[in-house]
Novice: 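Structure in structure tokens, see below.
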2 protein chains.
Amino acid sequence: MALEHAILVSLSEQPASGLELTRRFDRSIGFFWSATHQQIYRVLARMERDAWVHARTVAQHGRADKKVYAVTPAGGRELARWIGSPMAGDPFRSEVAVRLRGASYGDRSAVLAEVRGLRAEHATRLAHYELLEKRDFPDPAALSGHDLDVYLVLRGGIRLERFWVGWLTEYLDAHGPYDGSDHGADA
Amino acid sequence: MALEHAILVSLSEQPASGLELTRRFDRSIGFFWSATHQQIYRVLARMERDAWVHARTVAQHGRADKKVYAVTPAGGRELARWIGSPMAGDPFRSEVAVRLRGASYGDRSAVLAEVRGLRAEHATRLAHYELLEKRDFPDPAALSGHDLDVYLVLRGGIRLERFWVGWLTEYLDAHGPYDGSDHGADA
DNA sequence: ACCACCTATGCAACTCGTTGCACAGAGTGG
DNA sequence: CCACTCTGTGCAACGAGTTGCATAGGTGGT
């Protein structure tokens, strides 16, 4: 549904091959949209068929040739059309929430341990994002246009990680009359 | 992947028919997991085949018969197993984020209008959740067990809606040198 | 009597996404 | 030279989820 458009955004920022796109989807774009390389290749093929992108084969130093994709005018029009189309809120689908709600039907202490691990992961990611923010956007007030958009999406990632850390902490506090530190391994 | 387990949680709380489950997935459970009735019927059939649930046909007043499903011991064991299995963080996949990042390739003012509408929706939902919190959980400190879990998941919904309202507000503030109020209709 | 609508269940076809595997060229180490 | 690994591209099969439609009984309006 939207992978095509995520790819159009990414290729508009900078043309890339399938594998390069895959790496982006494991990094910056991947903060809010993930995709495997197979899916990307398949969608790229369809987009090329529809003339939304155009491939240019590039011979490389020692490696295999790569096909570098760039957005065509038709692709740009499609992206602009989609950007302006009505926006639906993202459906929130959380396996974690299902588990938390069902915790009393399983091993509560195991769930608490998992939640501690999960909170640690989110805290790590949050720290990483905050580092990126400081490093890449020292003066947010000076930003505008696409740079500002990139910054604001990073801000969204930061806010989201804070949501997770906050919620999981509330969960642990409510269920654990223990202290916040771990007597065990994780966290 | 997890719809089976979401259904197990819901049926553990209270047995239900396919349509009743569908309504739950449009309400409380649906805050963090959505499913259409077709999908629910299909998964229920598979779960019955695997003996995770057992159906009892119930004749009704005037309406058509319904099949009320309840969790079997085997289903309870499966749920307990899943609850205790390693928990992966929920992948965050946001079409909204893709649009915000790509806004400069389309009509910026249209995006801003959409974002204002979206923020209004999230604010409405937040108010609704906060009402539920006050009405159903006047004394959270007294909760324990499954009731506490239900409350904490609602708290997650509240925190998530606050995330959305906060982020979208930051986006609008950064892009709109206008005031926060709307000269138009939404917001 | 007829039509429209509601509850309740379900099938079929399709899209989206994941997983596992394949293949080809090129560099690296034994 | 052979096996291994890395990059780069791709197919096939499957599972998850959505959309559209079908059916069957009951209820209420005209």
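A quick note: this is a predicted structure, and the numbers were derived from the prediction, not measured. Every chain is numbered from 1, with letters handed out A, B, ... down the list of sequences.
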Novice: What is the distance, to the nearest angstrom, from the NZ atom on B:K66 to the C1' atom on D:dG25?
Specialist: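 Interatomic distance, NZ of B:K66 to C1' of D:dG25: 16 Å.
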
Novice: From CD1 of A:I7 over to P of C:dC16, roughly how many Å is that when rounded to an integer?
Specialist: 12 Å

Novice: Please work out whether the ring planes of A:Y41 and A:H37 are parallel, tilted or perpendicular, with thresholds of 30° and 60°.
Specialist: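 Answer is perpendicular, since the angle exceeds 60°.
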
Novice: Of the listed nucleotides (D:dG8, C:dG10, C:dT18), which one gets closest to any side-chain atom of A:S34?
Specialist: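 For A:S34, the side-chain atoms sit closest to C:dT18.
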
Novice: With a cut-off of 3.5 Å and sequence neighbours excluded, list every side-chain donor-acceptor pair involving residues 23-35 of chain B.
Specialist:
unit_1, atom_1, unit_2, atom_2, d
B:R24, NH1, B:S10, O, 3.0
B:R24, NH1, B:S10, OG, 3.0
B:R24, NH1, B:Q14, O, 2.9
B:R24, NH2, B:Q14, O, 3.0
B:R24, NH2, B:P15, O, 3.4
B:S34, OG, A:R93, NH2, 3.4

Novice: Can you tell me the distance, in whole Å, between the CD atom of B:E48 and the P atom of C:dT9?
Specialist: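 Result: 12 Å.
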
Novice: Just by distance, with hydrogens left out, do B:R101 and B:S94 show a side-chain donor and acceptor under 3.5 Å apart?
Specialist: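 The criterion, which ignores hydrogens and geometry beyond distance, is not satisfied for B:S94 and B:R101.
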
Novice: Using only side-chain N and O atoms of A:R93, determine if any of them is under 4.0 Å from OP1 or OP2 of D:dA16.
Specialist: no

Novice: Should the pair A:W164 and A:H122 be assigned to parallel (<30°), tilted (30 to 60°) or perpendicular (>60°) ring geometry?
Specialist: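 Parallel: the ring planes of A:W164 and A:H122 meet at under 30°.
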
Novice: In whole angstrom, give the distance that lies between atom CZ of A:R23 and atom C1' of D:dT9.
Specialist: 13 Å

Novice: Please state how far atom CZ in A:F25 lies from atom P in D:dG8, giving the value in whole angstrom units.
Specialist: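 After rounding, the gap between these two atoms is 17 Å.
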
Novice: Among residues at least two apart in sequence or on other chains, which ones pass salt bridge (Lys or Arg N to Asp or Glu O under 4.0 Å) with B:R125?
Specialist: B:E161

Novice: Do A:H5 and B:E95 get their side chains close enough for a donor-acceptor pair, meaning under 3.5 Å?
Specialist: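 No - no donor-acceptor pair under 3.5 Å links their side chains.
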
Novice: Starting at CG of A:L3 and ending at C1' of D:dG17, how long is that distance when rounded to a whole Å?
Specialist: 16 Å

Novice: Would you state whether a donor and an acceptor, one from the side chain of B:R42 and one from the base of D:dT18, lie under 3.5 Å apart?
Specialist: yes

Novice: Taking everything shown except A:H54 itself, do over 12 heavy atoms lie less than 6.0 Å from its NE2?
Specialist: no

Novice: So if I take every side-chain heavy atom of A:R46 and compare against D:dG8, D:dA16, C:dC16, which nucleotide ends up nearest?
Specialist: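 The answer is C:dC16.
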
Novice: Between B:Y41 and A:H37, name the one whose nearest nucleotide on DNA chain C is closer to the 5' end.
Specialist: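 Looking at DNA chain C, the more 5' nearest nucleotide goes with B:Y41.
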
Novice: Within this structure, what is the CE-to-P distance between B:M47 and D:dA16, rounded to whole angstrom?
Specialist: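 B:M47 atom CE is separated from D:dA16 atom P by 12 Å.
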
Novice: The side chain of B:Q38 lies closest to which of these nucleotides: C:dT7, C:dG10, D:dT9?
Specialist: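 Output: C:dG10.
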
Novice: What are the residues of residues 12-20 of chain B, sorted by number, that bring a heavy atom to within less than 4.0 Å of DNA chain D?
Specialist: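 None - not one residue of the stretch has a heavy atom sitting under 4.0 Å from the strand.
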
Novice: Is there a donor on the side chain of B:Q39 or the base of D:dG17 sitting less than 3.5 Å from an acceptor on the other?
Specialist: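 Result: no qualifying N/O pair found.
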
Novice: To the nearest Å, give me how far apart CZ (A:R56) and P (D:dT9) are.
Specialist: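 Atom CZ in A:R56 sits about 13 Å away from atom P in D:dT9.
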
